[in-house]
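Below is one structure, written out as structure tokens; comments come after it.
Quick caveat: nothing in here was measured; it's all calculated off a predicted structure. Quick note on labels: first sequence line is chain A, next is B, and so on, each numbered from 1.
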Number of protein chains: 2
Amino acid sequence: MTNRYRIGDLATQLAVPTQTIRYYEHEGLLSKPARTEGNYRVYGIAERERLTFILHCRALDMTLDEIRHLLRLRDAPGQGCAEVNAVLDAHIGHVAERIRLLNDLQLQLKDLRARCESPSTSKDCGILQGLASFPTAQDGGASRAGVHGRRAQE
Amino acid sequence: MTNRYRIGDLATQLAVPTQTIRYYEHEGLLSKPARTEGNYRVYGIAERERLTFILHCRALDMTLDEIRHLLRLRDAPGQGCAEVNAVLDAHIGHVAERIRLLNDLQLQLKDLRARCESPSTSKDCGILQGLASFPTAQDGGASRAGVHGRRAQE
DNA sequence: AGAGACTTTATAGTAGCTTCAAGGTCAAGC
DNA sequence: GCTTGACCTTGAAGCTACTATAAAGTCTCT
């Protein structure tokens, strides 16, 4: 039968590390699976679908908490999906806000960058001086935008 | 004199937690300050300015590594500031890339959201179905955009 | 029987803090 | 002189979502 998977099968099929699958189990997103005699995890179709769901949510950059929330809703099939909409709308809001902050940030960075077009010594560098005297974020501030990703490095 | 600060003074003036100042010291961004008889840290104007510099860089969402780099350049005043420009340009590149990823993400989320405008039960919810069957990120994927900030929550 | 690919658990590391615990210091008030 | 309370000290743990490592057990093939 095709609906019995070991952790490595699932990992290969869905292109996710095995450790991540165990981590999701540890975090309660996946429930504890059956085991073979040799104590290997065994997964079926339902678990494969659940993991797919989780991975899609992650690809949309939801937190594990948001995903936990959606999974709870998914597990209560008669409930009406207004709450699903609410979770998604909140997430869309997070993303929109983040984009706004990053655009502000980009403006400030370009402004700063424009202070040093001509070569000079760092003692007189307009950028370094700007960084020492610029108004701080808390005054009308950009809070924090989160530029550095975990998968999208360099 | 106004140029002797304890850690709490500095923290209040620059609106940063005292623990964060100690953390920057631990990470080598600030050097070990003088101490009072009672072993309290004492800071002067130069340290205050250095911390201001660091906080401005953080407000522009640079990593501590990027900031360390800029501080090294700042500490070598005769060096020419081409490298300062390079650090900043690289950072501007990071931000631009992040904005691009988030815009992709926003499109996908809105697409998904459009699947459930009419109220229904979660069993039939187009969003939950979409999340279970959507193409995964790895096929042409958005890698990871990083939506959830540390200071800008909810 | 032995090699090699797979699995198991537990543990530590990543970034940039934040929070906690257990205690030491200092100025003011009674 | 003694207490109260605000401040300071260090060290360790917690946060997110993994990733990496180690040491050991299992399975499959030859």
Side-chain angles (χ1 to χ4, degrees), chain A residues 4-30 32-43 51 54-55 57-69 94 98 137 143-154, chain B residues 4-30 32-43 51 54-55 57-69 94 98 137 143-154:
Chain A
R4 301 276 106 189
Y5 315 103
R6 285 188 306 174
I7 196 168
D9 303 333
L10 221 53
T12 306
Q13 286 169 29
L14 303 184
V16 63
T18 55
Q19 297 99 317
T20 300
I21 300 177
R22 286 190 208 105
Y23 176 69
Y24 289 159
E25 178 185 330
H26 181 77
E27 291 301 299
L29 300 176
L30 297 171
K32 308 213 168 195
R35 299 283 184 138
T36 65
E37 285 180 25
N39 199 33
Y40 283 16
R41 287 170 178 81
V42 185
Y43 298 99
L51 179 55
I54 294 168
L55 294 174
C57 289
R58 283 298 294 140
L60 297 173
D61 221 18
M62 297 181 197
T63 62
L64 297 194
D65 256 359
E66 286 172 321
I67 298 170
R68 240 183 296 265
H69 195 161
H94 295 158
R98 180 58 56 103
S143 63
R144 187 56 41 87
V147 172
H148 304 277
R150 285 154 296 293
R151 296 203 188 170
Q153 293 116 329
E154 299 308 287
Chain B
R4 302 275 107 190
Y5 314 103
R6 286 188 307 173
I7 197 169
D9 302 333
L10 221 52
T12 306
Q13 287 170 29
L14 303 183
V16 63
T18 54
Q19 297 97 318
T20 300
I21 299 177
R22 285 189 208 105
Y23 177 70
Y24 289 158
E25 179 185 329
H26 181 75
E27 292 301 300
L29 300 176
L30 296 171
K32 309 212 167 194
R35 300 284 185 138
T36 65
E37 283 180 28
N39 199 33
Y40 285 15
R41 286 170 179 80
V42 185
Y43 298 98
L51 179 54
I54 295 168
L55 294 174
C57 289
R58 284 298 294 141
L60 297 173
D61 220 18
M62 298 182 196
T63 62
L64 297 193
D65 257 358
E66 285 172 321
I67 298 170
R68 240 184 295 266
H69 195 161
H94 295 157
R98 180 59 55 104
S143 64
R144 187 57 43 86
V147 171
H148 304 276
R150 284 154 296 295
R151 295 204 190 168
Q153 292 117 330
E154 300 307 287

Assign each of B:Asp9 and A:Glu27 the nucleotide of DNA chain D bearing its closest heavy atom; nearer the 5' end lies the nucleotide of B:Asp9

Donor-acceptor pair, distance only, cut-off 3.5 Å: does the side chain of A:Arg68 make one with the backbone of A:Glu27? yes

When you check the phosphate oxygens OP1 and OP2 of [N], does a side-chain N or O of [X] lie under 4.0 Å from one of them?
X: B:Arg58; N: C:dC17; result: yes
X: A:Thr20; N: D:dT19; result: yes
X: A:Tyr24; N: D:dC18; result: yes

Identify the heavy atoms of [X] and [Y] that sit nearest to each other, and give their distance.
X: A:Cys57; Y: A:Ile67; result: CB-CG1, 3.5 Å
X: A:Tyr24; Y: A:Leu64; result: CE2-CD2, 3.9 Å
X: A:Arg41; Y: A:Glu25; result: NE-OE1, 2.7 Å
X: A:Met62; Y: A:Glu66; result: CA-OE1, 3.1 Å
X: A:Arg22; Y: A:Ile7; result: CG-CD1, 3.6 Å

Side chain of [X] only, please: which of [options] is the nearest?
X: A:Arg22; options: D:dC18, D:dT10, C:dT7; value: C:dT7
X: B:Arg41; options: D:dT10, C:dT7, D:dC18; value: D:dT10
X: B:Ile7; options: D:dC8, D:dT10, C:dT7; value: D:dC8

B:Arg6: what forms a salt bridge (Lys or Arg N to Asp or Glu O under 4.0 Å) with it, not counting sequence neighbours? none

Roughly what angle, to 10°, lies between the helix axis at the start of the helix from C:dA1-D:dT30 to C:dC30-D:dG1 and the one at its end, five pairs per end? 30°

Please report the distance, rounded to the nearest Å, between [atom1] in [X] and [atom2] in [N].
X: A:Asp65; N: D:dC15; atom1: CG; atom2: C1'; result: 11 Å
X: B:Tyr43; N: D:dC8; atom1: OH; atom2: C1'; result: 11 Å
X: B:His26; N: D:dT9; atom1: NE2; atom2: C1'; result: 15 Å
X: A:Ile21; N: D:dA17; atom1: CD1; atom2: P; result: 17 Å

Does some side-chain heavy atom of B:Leu30 sit less than 4.5 Å from a side-chain heavy atom of B:Ile54? yes

What is the per-nucleotide protein-contact pattern of nucleotides 21-30 of chain D, from the 5' end, where B denotes a base atom under 4.0 Å from a protein heavy atom, S denotes such proximity for sugar-phosphate atoms only, and - denotes neither? B---BBS---

Residue that, paired with A:Val16, satisfies side chain to side chain contact (heavy atoms under 4.5 Å, CB included) out of A:Thr12, A:Thr18, A:Thr20: A:Thr20

